[in-house]
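Taking it in order: structure first as structure tokens, then the write-up.
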Protein chains: 2
Amino acid sequence: MRLVVADCSARYSGRLTAHLPFATRLIVVKADGSVLLHSDGGSYKPLNWMSPPCTLLTLEPSPEQASTGVTQVWTVQHHKSDDRLEIEIHAVHHDSAHELGVDPGLVKDGVEAHLQEMLAAQIELLGDGHSLVRREYPTAIGPVDILARDAVGASVAVEIKRRGDIDGVEQLTRYLDLLNRDPLLRPVRGVFAAQEIKPQARVLATDRGIACLVLDYDAMRGVDDVDSRLF
Amino acid sequence: MRLVVADCSARYSGRLTAHLPFATRLIVVKADGSVLLHSDGGSYKPLNWMSPPCTLLTLEPSPEQASTGVTQVWTVQHHKSDDRLEIEIHAVHHDSAHELGVDPGLVKDGVEAHLQEMLAAQIELLGDGHSLVRREYPTAIGPVDILARDAVGASVAVEIKRRGDIDGVEQLTRYLDLLNRDPLLRPVRGVFAAQEIKPQARVLATDRGIACLVLDYDAMRGVDDVDSRLF
DNA sequence: AGTTAAATATCGTGC
DNA sequence: GCACGATGTTTAACT
């Protein structure tokens, strides 16, 4: 990765045509040849950039360009499209190169696990008088996210997803089939809980007598925060 | 703007919970306090970031953290939300600060003007035998993008948009009303030309006897390039 | 079907 | 109404 801080202007053509007037900017050249032009504000998005795969060519300025103070011209050409970024570099304030190696990348922690945790703590969201039996209730084909009992003591099996798709309904259906064979539990109702429930999933669930529960992540987290403030 | 290249790991919580395993990364701290974590690949998007308004706090590592090689802990807290980014910094390979000043920002060049220019140069796209009368043909309510004549000498008014919406059809309709009052021009046909024509706009245009023309920006530019190569 | 990568546009929101 | 920010998401492409 090469970091250059320089006075520069730039021109981009591709999906649209645009230009960057003369200013001091950070130019990042990544190992894959991609280029980012950042100002000292805005957002995480560069003012302009070229995504890989692309090739960076460093050229001498034309006499005309040189007469206006341009010391280098960088052209970045995308390999698969006509996207092209041309940077005219004047004074260079900083220039350094660094070996960064391969990055393992961002790991998203389980939102689903968090939802399960919070719903277990706020089990009354299933309805008044509900109580938690246990999380990850084991069955022969895997654990059910939550097993609870309603106000009259009947069993309720809950499947939790971040995005409620048809697959989740099928999964819950299989669990319900199994659980309802257990004379100590049956009858077991099903609740399909998700941050967002797709219309098809809702139709399928309703058709099978499974209730749908939309989980408001922020609201649930808010309640959790309030709870935690009590300690 | 501060540029730091360091071995680090990070944790983000906000809309989701995620973490970045230990690796060497570029950390950009912008003048507004926002922070960007970049790897040496990927795209223009940082691995993780915090957008302004936010505050960066530099803390001493806890004994536990220090024992794993952490030399600094940066916490970046968003002002308006619970978004929080925590960076554990181990070895620092580079650290520099730069004054960049205010950036004038990206200027998007007129795409619509360019389309008009190219269509005027390739007026036969309207149909065989068409000829250009003039661009920006003046009327009492503003200039029509292009006025042309077809193979038999009848007038054709063209409205050009990047995205052909209902508004554009309405605009062209008003021009046609006016132009058709001119005995020297009438009858004047209308052509609605755009890179992309929305279905509703197409229906409305067709209903009013206005022809629709989808402009292929790349193809038109290609022809222009070929033309320019002749010189 | 599941997985990864791109998005320089559009939307919504805040000023 | 306008400008800016966010999409840490959505979709498209691809394997």
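We name chains A, B, ... by the order of the sequence lines, and we start the count at 1 in each one.
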Distances under 3.5 Å between protein N/O atoms and the N/O atoms of nucleotides 9-15 of chain D, please, pair by pair.
from	atom 1	to	atom 2	distance (Å)
D:dT9	O4	B:Lys45	NZ	3.2

Practice task
Compare the minimum distances between each of C:dA7, C:dT8, D:dA6 and the side chain of B:Tyr44, then state the nucleotide with the smallest one.
Solution key: C:dA7
Practice task
Find the distance B:Asp32:CG to D:dA6:C1' and express it as a whole number of Å.
Solution key: 15 Å
Practice task
For A:Ser51, enumerate each residue passing the side-chain contact (heavy atoms from CB on, under 4.5 Å) test, keeping only those at least two apart in sequence or located in another chain.
Solution key: A:Trp49
Pull out every protein N or O sitting under 3.5 Å from an N or O of nucleotides 3-5 of chain C, one pair per line with the distance.
none

Handout entry: Exercise: do B:Asn48 and B:His19 side chains pair donor with acceptor under 3.5 Å
Key = no
Practice task
Please state how far atom CH2 in B:Trp49 lies from atom P in D:dG5, giving the value in whole angstrom units.
Solution key: 15 Å
Handout entry: More than 12 heavy atoms from other groups under 6.0 Å of CD on B:Glu136
Key = yes
Practice task
Quick one: label B:Asn48 by what it contacts on the DNA or RNA (base, sugar-phosphate, nothing), any heavy atom closer than 4.0 Å.
Solution key: base
Problem - Under 3.5 Å donor-acceptor, A:Asp32 side chain and A:Pro52 backbone - result: no
Handout entry: Donor-acceptor contact present, side-chain A:Tyr175 to main-chain A:Pro143, <3.5 Å
Key = yes
Practice task
Look only at the side chain of B:Gln72 and the backbone of B:Pro61, and say whether a donor-acceptor pair between them is shorter than 3.5 Å.
Solution key: no
Handout entry: Rounded distance (nearest 0.5 Å) linking atom CD1 of B:Ile27 with atom CG of B:Leu37
Key = 5.0 Å
Please write out the pairs of protein N or O atoms and N or O atoms of nucleotides 13-15 of chain C separated by less than 3.5 Å, giving the distance to one decimal.
from	atom 1	to	atom 2	distance (Å)
C:dC15	OP1	B:Lys80	NZ	3.1

Completion exercise
The side-chain contact (heavy atoms from CB on, under 4.5 Å) partners of B:Val102 (sequence neighbours excluded) come to none
Handout entry: Nearest-angstrom distance from the residue atom NE2 of B:His79 to P of D:dG5
Key = 16 Å
Exercise for the section: Compare all side-chain heavy atoms of A:Val144 with those of A:Leu178 and state whether any distance is below 4.5 angstrom. Expected result: no
Handout entry: C:dC11 and C:dA7, which share atom name C1', separated by this distance in whole Å
Key = 14 Å
Problem - D:dC14 and C:dT8, which share atom name C1', separated by this distance in whole Å - result: 23 Å
Problem - Sugar-phosphate only, base, or nothing, as touched by B:Pro52 at under 4.0 Å among non-hydrogen atoms - result: sugar-phosphate
Practice task
Would you please test B:Glu88 and B:Phe22 for side chain to side chain contact (heavy atoms under 4.5 Å, CB included) and show each step?
Solution key: CA-CA 9 Å; B:Glu88 292 181 349; B:Phe22 183 83; over 6 Å; no
Handout entry: Spacing of NZ belonging to B:Lys30 relative to CG belonging to B:Leu3, to within rounding of 0.5 Å
Key = 11.0 Å
Handout entry: Interatomic distance where CZ belongs to A:Arg11 and C1' belongs to C:dT8 [whole Å]
Key = 17 Å
Handout entry: Presence of B:Ser43 side-chain N/O under 4.0 Å of C:dA7 phosphate oxygens OP1/OP2
Key = no
Completion exercise
Separation of D:dT7 atom P from B:Met50 atom CE, nearest Å, is 11 Å
Practice task
Mind calculating the distance between NZ (B:Lys30) and P (D:dC4) to the nearest angstrom?
Solution key: 14 Å
Exercise for the section: Could you tell me which residues satisfy side-chain contact (heavy atoms from CB on, under 4.5 Å) with A:Ala31, sequence neighbours excluded, listed by chain and number? Expected result: B:Asp40
Practice task
Please measure how far the P atom in D:dT11 lies from the corresponding atom in C:dG12, and state the result in whole Å.
Solution key: 13 Å
Practice task
Could you measure between the two P atoms, the one in D:dC4 and the one in D:dT9, and give it in whole Å?
Solution key: 25 Å
